[in-house]
Structures are given as C-alpha cells and as structure tokens.
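These notes are about the structure you will find just below.
Chain A is the first sequence line, chain B the second, and so forth, proteins listed ahead of strands; every chain is numbered from 1.
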Amino acid sequence: MRFIGLCQPVLALMLAPLLRGVINKVKALFAGRCGPSVFQPYRDLAKLLGKGAVYSGTTTLVFRLAPLVGLSAVVVALALLPIGSVQAMLAFPGDIILFAYVLGLMRFFTVLGALDTGSSFEGMGASREVQFSALVEPVLMLSMATLARHSGSISFSGIYSSITFGVWMQAGPTLAMVSAALLVVCLAENSRIPVDDPNTHLELTMIHEVMVLDYSGPDLAFILYAAALKLWVFGALLVGLCMPLRTGWAMMDIAAFLVGMLLLAIVIGVIESMMARLRLLRVPQMLVGAGAIAIIALVLVLR
Amino acid sequence: MTNICLLMTSVGLMVASGLIALLVSRWPRVASAMGCVGTVIGCGLGLVPSVRVLLGQPAEVLRLAWSMPLGDCVFVLDALASLFLVAIYSLCGLAAIYGAEYLQSYRQRRSLGPPWFFFNLLVGSMVVVVTAQNAVLFLIAWEIMSLASFFLVTFEHEDEGAWRAGWTYLVAAHLGTAFLLAMFILLGRASGSMDFASFGSMSQPVAHASLILVLAVVGFGTKAGFMPLHVWLPEAHPAAPSHVSAVMSGVMIKTGIYGLLRTLTFLGPPPAWWGLLLIGIGLVSGVLGVLFALAQHDLKRLLAYHSVENIGIIALGLGTGLLGLSLQSTPMAVLGFGGGLLHVLNHACFKGLLFLGAGAVLHGTGSRELDRMGGLLKRLPWTGWTFLVGAVAICGLPPLNGFVSELLIYLGALKGVRWATGSHLPLVVGVVVGLALIGGLASACFTKAFGAVFLGEPRSAQAAGSHECGGLMRLAMLVLAAGCAAIGLLGPFVIVAMAPAITVVAGMPSESIRATMAGPREILSAVVAASIVLLVLTGGLMVFRRWLLAGRDVSSTVTWDCGYARPTARMQYTASSFAQPLTWFFRVFLQTHTKLAPPVDFFPASASLVTHTDDVCREKFYRPMFRSVGWLLSRLRWLQHGRVQIYVLYIALTLLALLLWKLE
C-alpha cells in the first residue's frame, strides 16, 4: 500500500465527471452551440442524489445490487492503475487480469440488472453489450500481453513506468498500434461513438444507455458516476501509453497525466463530432480489426 | 496405515449401504434413507484421510494379499489422489443429501433402490479409480464407474431420449476404454508388470512415451470431454437425475483428468509438443464448448457444454504446466499445474452447485426449457441466489473461486509470454487470449441463463406456479455456494495445499515448489484484499443509499417500455434472442438450423421460428462414421443364421485354427 498511489483514485473520483463535461463541450462547440457548462455532470449527479426512487415491480434485489457492485468494481479497478512512474495503490504481477475481471464483474451485474426489468429494450441492449464485450476482452488482453512482452513486466505499474520517450523512439510503431487498439477498446467499453451513441434517445439503437433505462434517483447517479469513472479508467490506460513523460517527480508526472486526460477528452469529443455511429453489424468487424492490429503489434515485439 | 484403512472402510460402507438399498427397494423411504445415509457417512469418513494427506501427511500404500493378474492389488493414497478424493467426497456427500429429497418425487412411479445402489457404486468406484495402483484394478474400477453411471443416465428409461443418451454414453465410454487398454498393454509390455510403480520406474524412448501420451489423451479425454470426443456429455448430463448430473459433471469427468495426470507421472520429462497439444485441445474445447453452450435452449444441456469449456480451461492449465516443465521454467510449471488442479476442485464446486440448481428449477417447474422460465428468483429465492453465486464463479469473476484458478493459469501463460521463444509463443499467447475470450463468452452465457430463468416475469404457467425446494436440497446448494466463496477468499491458503499434488505430477522437489509459490501467494493476498475492498464498498454503498432514500418517496411501477402501459411476459427478450448476435457471429462453428414460418398477409394468423443447434462433431463426424461402420458390418450378415449348429461349427473352426497356429 503506497500513499502516493492514492493520487489516481482520488483524482479520478474528483475529476471523472469533468471528462464527460469536456467531451460534451467539445461536441457543442463543433456543432456551433454554446453547450452546457463543463461542470454540468456534477450538477446532474447532485440533483439525482437528492431525488427519491422509482423501481419496476418486476425487479428484484439483483436490480438494486447492480449499480452498487458496478461502482465498487470500478473503484477497485482505479486502485490498480499507476500514473506515469507513480506506482498504483495496489500493484502486483498480474494486476492486469484482476483489472479486466473486476470490470467484467461490473458488466455482469449491469447486464443482470437490465434483464431483471423484463423489458425487451433492455434485454436487447444487454445482448449487444455481452456480444461486444466478449470481443473486446481478447483485444485488451492481446494489447496487455504485447506491452508485457515488451516491458518484461506483467503489472501495470511495471509496464507503464517503463514507457518513456526513448522507448517510443525505439519501438514507436508497436506502441502506436497498441494505442490504436486501446483507443478502440476505450470507445467500445464506454459505449462511445462509433460503437454506441451516448446521447441518442431512441432505445432501439442504444447499448449502455438502454440497459439503465429503468434506474432513477440515487441508483442512476451511481450508474452515471461509475460510467464516468470507467471512461477515466480506460482513458488512463491510453494516456499512460501515449504520454511518455517520466520525470521521476511525482508532481510533474501527475500534471502531464492530467493534461493527457484533458487531451483525450478533446480527442473523443472530436471523434464523436466527426463520425457517425457504425451500423451495429459493423461493430464486431471493427473490434476484430482492432484485435488484428494488436496481433501485428505483438508480432513486431517478437521480431 | 490408518488413513488408507479409513478410505477403504468408506468404500465398503458405501457399497454395502447401496446393496442394502437395493435389497429393500420395496420400501422406497427405507431404501432412500439407506443409500443416502451410507453415502454421507462414507464421504465423511473418507474426507478425513484425504484432507490429512492433502495437508501434508505422507502418502500411504495398502497392499492386499489378493492375487491380481500381472501384479499386486495395491492402493495408494498420495497427494494427487487425495486432491481428487476431496472433490469426490465433498460433492458426492452433498449430492446424496440433495438426492434424498430430489428422488422423492419419483417415488410413485419408480423403485428407488436401484438408483441409490448405482449411485453408491459410482462413488465407491471413483474412489477406487483414483487410488488403484494396478492397471487391471484400475480398469475394473473404471468399467464399474462407467456402467454404474450408465444405469443412472438411463434412470428414466421409458423416455426414448434418455435411452439414446445412455447408449451414446456407453459406446463413447467403451471406445475410450479401448484406447486405455491399448495404452496399459503397451506400458505393461515395456515394464513387465501391470503395477503403476513399475510403469513409473522404467525408462522409455520419447517416441514410445509420446505414443502412450496420445493414447491417454484419447482414452482419458473421452471421459473428460475434450472437444472432438465430448459428444456424450451434452446427451448424458441432461438425461440423468440432477444430483447424478452434478456428480458426473463435477467429479466423474475429472477422473479423466486424473488418469491423464497419473499417466504423465509414468512418462518422464515431457517434450514441448505435449504441452502444446494440451494447450491446443484446451483452446478448442474451451472456446467451442462455451459457444455451443450459448446456442442451447435447455438449461442442463447448456451446463453440460460448460463442462466441456471448463475441461478446456483445465487442459490449458496442464498444457501450460507441461510447457513450463519442458522449458525448465519452474514458475510456469507450478502456476500452470497449480491453476489446472485448483480448477478441478473449483469446477466440482460451482458446476455441482449449478447442476443442483438446475435440478431444483426442474423440480419446481417441471421444465428445462430456458424460454419457458422467468421470474423464478421471487419464487425460488434460495435456488436463485445460490445459482447466482455459481454463475459468477463459473465466469471466473472475482471475488469467487473461479477467478483464483483462472488467474494462476493466466499468470503461468504470461510468464510464458515473457520467456518463451519461437514456435511456442503463438500458443502461449493463445492461452491468454483464449481465456479472455472464454471469459467474455461465459459471462454472456450465464447472464443469459440466469436472466432467462430467474429474472423478469414468468413466461409460462409452469414458471408462474413453481415452488421452492425443501431443506435438504437447499442445504446442499448453500454449502457449495459457501465453498465457492471460501476458496475465493482463502486463495493464498488453498494454493499451498496444491503443492504436494504438483510435486507428484511435475516430479519437482516440494521445497522448490513451495519457494516458487511465495510469489503467487502474495499476488493472491493482494487479490483477496481487493475482493474485501469490493465487498465492503458494495456494503457501504448499500447503507449510503438507504440513508439517502430514508424518508423520500420510493415507489413501484411497471417497467418502462416507451410509454406502452401494458407490457406482457411474452414481450420480454428471450434467451434465444439474447444469444442470437453471438451465435450469428460464430455461425461458421455452430451451424444452427433455423426453421422460419414468417407472418404472411396483413392479419397473420400464426408465425413461428425454431432454431436448433446440433453438435457439429456428432452430426458431421461421428454419425457418418458409425453409419459407414454399420454398413461395412452389415456386409458380414450372411455369417449370421440363427442356427446354433453352425455357430458351434464356427467355434470348432476357430479352435482348430488356433491349434494349428500354436503347433507351428
């Protein structure tokens, strides 16, 4: 247990909703609107936490458990992530696996919560979610295996502290391809365009948003907050790779990381403004394509 | 000596109580009580020595003065055997408790003596299989095990499906045994005796050892359910009574894994391709097993395909371990074998639990069809919540036991990713990616199963009128669910218990194994810490939400369906639709048949859609093969007249031919 490692969870818990705010702001600016304040997500959360709740009569305790398990799982995942060369709170060889599987637990319960309502819309969203995540999981593992082979470590903290400008100079193409694969993972896991549109309100086309249709009040606040944290978690994976500034001073590394997260939010906002959502049947092809990129990266490392 | 004597007493007790149950079949209650109590006491007796040896007491040998052909009648209780015995005794004891209540519903229609007799015989024969140290003794016990389970599979023998399942199983079991016979004959010829001790002490060329290994993989793989050899599993498991399915899937198929491991101890240092072979088999079984599971509509068939998947995961672990041995990487070997062996125990725990849960669902609703269920969590809360524990565990999710063993296999493979070179690498990476894919698909499959059965609204009258099972069935499920949680949260202690068994399999000194285990122990301690944080956070959030909602308006309404005010149960997403995107994506492997009668006209009277996923191996490989064998044999039918005189003539001619051959 390292106290400096607390930085990652604490920063995430404070700043994660801001990421959504920035993305929405960028999208609004692209569309020529002024857009809501970047702090709007905080206001939404505060408002929802202050409300009562409405539950469907069909649901059971599983439905009420799902948001809680999801939020706890993503917090545990946060504790595993380093910032630059700053070690994570909980770092051990193989933490990559625990990371992937606690997020798996989050998904498992979100899907069950959706099925618990007995709604065909939510069942549809849940079905898509499990399909895409089953394909995303191997891509994530392939990317991590590539990085593990490259850095000689099987822990996030070891992998990420080894990535420097020098390494980028030397193995640029590999890292770029892993980054591309991780970007696809990040967009797919967080239900962003081109996989899913977080703003649409036509239930038939949605994935994540439709699964949580029946939640209200504090439960919805937990879900929105957990989704913001999940975006932060996958963003941190990507930023740690693409922001190879390892000064050895914790403060500098953390500042660079935060700048990186801000840039990532802007990039996601730009992607969402410039692209349309893919047809659902095309999404698996994109995910398999990301897997192929990760395989090529692995081959390059083995060369 | 005391340990192994206790073990033999337990076998004797179980077989004797089974016999008594058979004799008193006329009084079903007495027969049931006899069979159940005998098994439970026997399992309790047997568990003591098994746990003792697993925790470090020395192995014991029992040499009976009975003469066996080509060797001695020897039993050995060593760490490898005791690991499997712990699984066998725990699960069978609980299954017997469950069965005592489960079989009561058959009391009016059927005599309860025979099922208890065969159940007890099955348990006893499994114990003998894992302790026998002589090939003949082993094969006899193996055969009794196959036959006893055959009679249990065909328990509902007026059902044609059960018969067909039973025959498939019987044929598969005996084809597998034929390979084992060949293997033991080869081993026996090389060593001059049928004793396992002499197999282990001889040295043999690698080519001979490889031939033995291939025979063992086919022979034991048929029992274990490796992918192209698995065809009997999805037939036999659904047909058997549920507590028998639990035992067959949880521990009986593991005797195949045991046999494979025991054979490995005879064969000396493995070349790398043995590991790669097992990894390949593991990948095929794991991925295809879970894919076929996804396409099933029958709850018990779905679980049966998951057994294929989990056997695949075990094979991945053992393959990683073997590869580690041949690359002389102790951590890889220890992690691979440790993960594989622990998964044997874990699978017994959660698959036993899931089959018992499926039995309780069948007991409560009278159906196994996923698309006719729904909303059972409210009606069968005990079954539902324990089934949920099993579902989380089988998907390998923390904080339960499935995660611990999968993590060890992942770690072993990741070690391999770091150190392996050249041609080994693709398969080692394959282990990592394969496990990830299997994990994702398993989550899809169990959210489907749990969601369709226990959540939402009932889709049929049977589901709406279902009832919860009684105390004995609940007890068995609760204990298994607690076991899943306990192994998950006590991971660092549990893997230490694997060390003696790994010593037996890998032939490495136990000190080096214990030293290597220090790393994984620390990792598992960290995982346990994370799991506890997870549980505490969830609990804390629950309290927080209660505090937030206190005094506020919390109301109940219908599910939001875009303003449609009167949703019906038929509007729910079905299990088949839930799995459809994935089954369509993998249609190349699954080859699902679809029969569609689309709605016609403006006011369609009816429409229907039927999908069915046959086992591709069975349809595309075994059926044509058996058909052509049948055709070839039918050419010989002219030999058969039904006249006894001519048959006597055949015998005389054969004897004469043999005599002439011997005289030369």
Side-chain angles (χ1 to χ4, degrees), chain A residues 49 51-58 60 62 68-69 71-73 75-76 79 90 92-94 97-98 100-102 104-105 107-108 111-112 115-121 123-124 126-128 130-131 133-135 137-138 140-142 145 148-149 152 154 203 213-214 218-219 222 284 298 302, chain B residues 374 377-378 392 395-398 403 407 410-411 414 417-418 425 429 432-433 436-437 439-441 443-444 447 450-451 455-457 519 522-523 526-527 529-530 533-534 537-538 541-542 545 548-549 552-562 567 569 571-573 577-578 580-582 585:
Chain A
L49 282 177
K51 288 193 170 225
V54 181
Y55 293 108
S56 156
T58 305
T60 60
V62 172
L68 311 180
V69 175
L71 186 51
S72 325
V75 170
V76 171
L90 193 60
F92 55 89
I97 320 279
L98 180 64
Y101 276 71
V102 284
L105 184 72
R107 181 179 315 116
F108 191 88
V111 167
L112 286 189
L115 292 176
D116 200 10
T117 61
S119 151
S120 45
F121 291 124
M124 206 176 279
S127 155
R128 289 167 187 163
V130 294
Q131 183 199 10
S133 60
L135 300 175
E137 205 108 310
L140 178 63
M141 280 298 167
L142 258 177
R149 172 80 184 189
I154 53 175
E203 289 88 340
L213 263 184
D214 262 276
D219 290 303
F222 291 155
L298 183 64
L302 302 181
Chain B
L377 190 58
K378 285 181 183 161
V392 173
C395 294
L397 296 172
F403 180 69
L407 177 68
Y410 265 120
L411 285 173
L414 282 172
V417 171
R418 270 169 64 196
L425 230 129
V429 173
V432 176
V433 178
L437 184 63
L441 291 172
S443 286
T447 45
F450 187 79
L455 302 178
E457 294 288 348
E522 268 176 41
I523 293 173
V527 168
V533 170
L534 182 80
L537 269 177
T538 309
L541 282 172
M542 196 177 275
R545 183 178 59 188
L548 278 179
L549 287 178
R552 287 192 200 153
D553 185 22
V554 178
S555 55
S556 178
T557 176
V558 290
T559 296
W560 169 251
D561 256 352
C562 294
M571 287 165 63
Q572 292 177 95
Y573 225 48
S577 356
F578 184 79
Q580 190 269 344
L582 274 169
F585 188 76

Heavy-atom distance under 4.5 Å to chain B: side chain of [X], backbone, both or neither?
X: A:L302; value: side chain
X: A:V111; value: side chain
X: A:D214; value: side chain
X: A:S133; value: neither

Is there side-chain contact between B:V533 and A:L90, with heavy atoms separated by less than 4.5 Å?
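No, every pair of side-chain atoms sits at 4.5 Å or beyond.
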Side chains of B:V429 and A:R149, heavy atoms from C-beta outward: is any pair under 4.5 Å?
no
Nearest non-hydrogen partners of [X] and [Y], listed with the distance:
X: A:T60; Y: B:L455; answer: OG1-CD2, 4.0 Å
X: B:G440; Y: A:A134; answer: C-CB, 3.8 Å
X: A:G118; Y: B:Q572; answer: O-CG, 3.0 Å
X: B:A526; Y: A:F92; answer: CB-CD2, 3.4 Å
X: A:L98; Y: B:A530; answer: CD2-CB, 3.7 Å

Which region of [X], side chain (C-beta onward) or backbone (N, CA, C, O), has a non-hydrogen atom less than 4.5 Å from a non-hydrogen atom of chain A, or is it both or neither?
X: B:F578; result: both
X: B:L377; result: side chain
X: B:S577; result: backbone
X: B:L549; result: side chain
X: B:L437; result: both

Who among [options] has the most heavy-atom pairs with chain A under 4.5 Å?
options: B:L548, B:L541, B:L411, B:V392; result: B:L541
options: B:D553, B:I523, B:L414; result: B:I523
options: B:V433, B:L425, B:V432, B:T538; result: B:T538
options: B:E522, B:K378, B:M542; result: B:K378
options: B:L407, B:V554, B:V527; result: B:V554
options: B:G451, B:A444, B:S555; result: B:S555

Greatest number of heavy atom pairs closer than 4.5 Å to chain B - which of [options]:
options: A:S127, A:S119, A:G52; answer: A:S127
options: A:A79, A:P93, A:A73; answer: A:P93
options: A:A145, A:G94, A:A148, A:P218; answer: A:P218
options: A:V130, A:V54, A:T58; answer: A:T58

Is a side-chain N or O of B:T559 found less than 3.5 angstrom from the main chain of A:T117, in a donor-acceptor match?
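Pair found, side chain donor or acceptor close to backbone of A:T117.
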Verify, without hydrogens or angle tests, whether A:K51 (side chain) and B:R552 (backbone) share a donor-acceptor contact under 3.5 angstrom.
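Answer holds: no.
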List the residues meeting side-chain hydrogen bond (donor to acceptor under 3.5 Å, both in side chains) with B:Q580, not counting sequence neighbours, and say none if there are none.
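For B:Q580 there are no side-chain hydrogen bond (donor to acceptor under 3.5 Å, both in side chains) partners, ignoring immediate neighbours.
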With A:Y101, which residues qualify under ring pair (Phe, Tyr, Trp, His ring centres under 6.0 Å), at least two apart?
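If we apply the ring pair (Phe, Tyr, Trp, His ring centres under 6.0 Å) test to A:Y101, skipping adjacent residues, the hits are B:F403, B:Y410.
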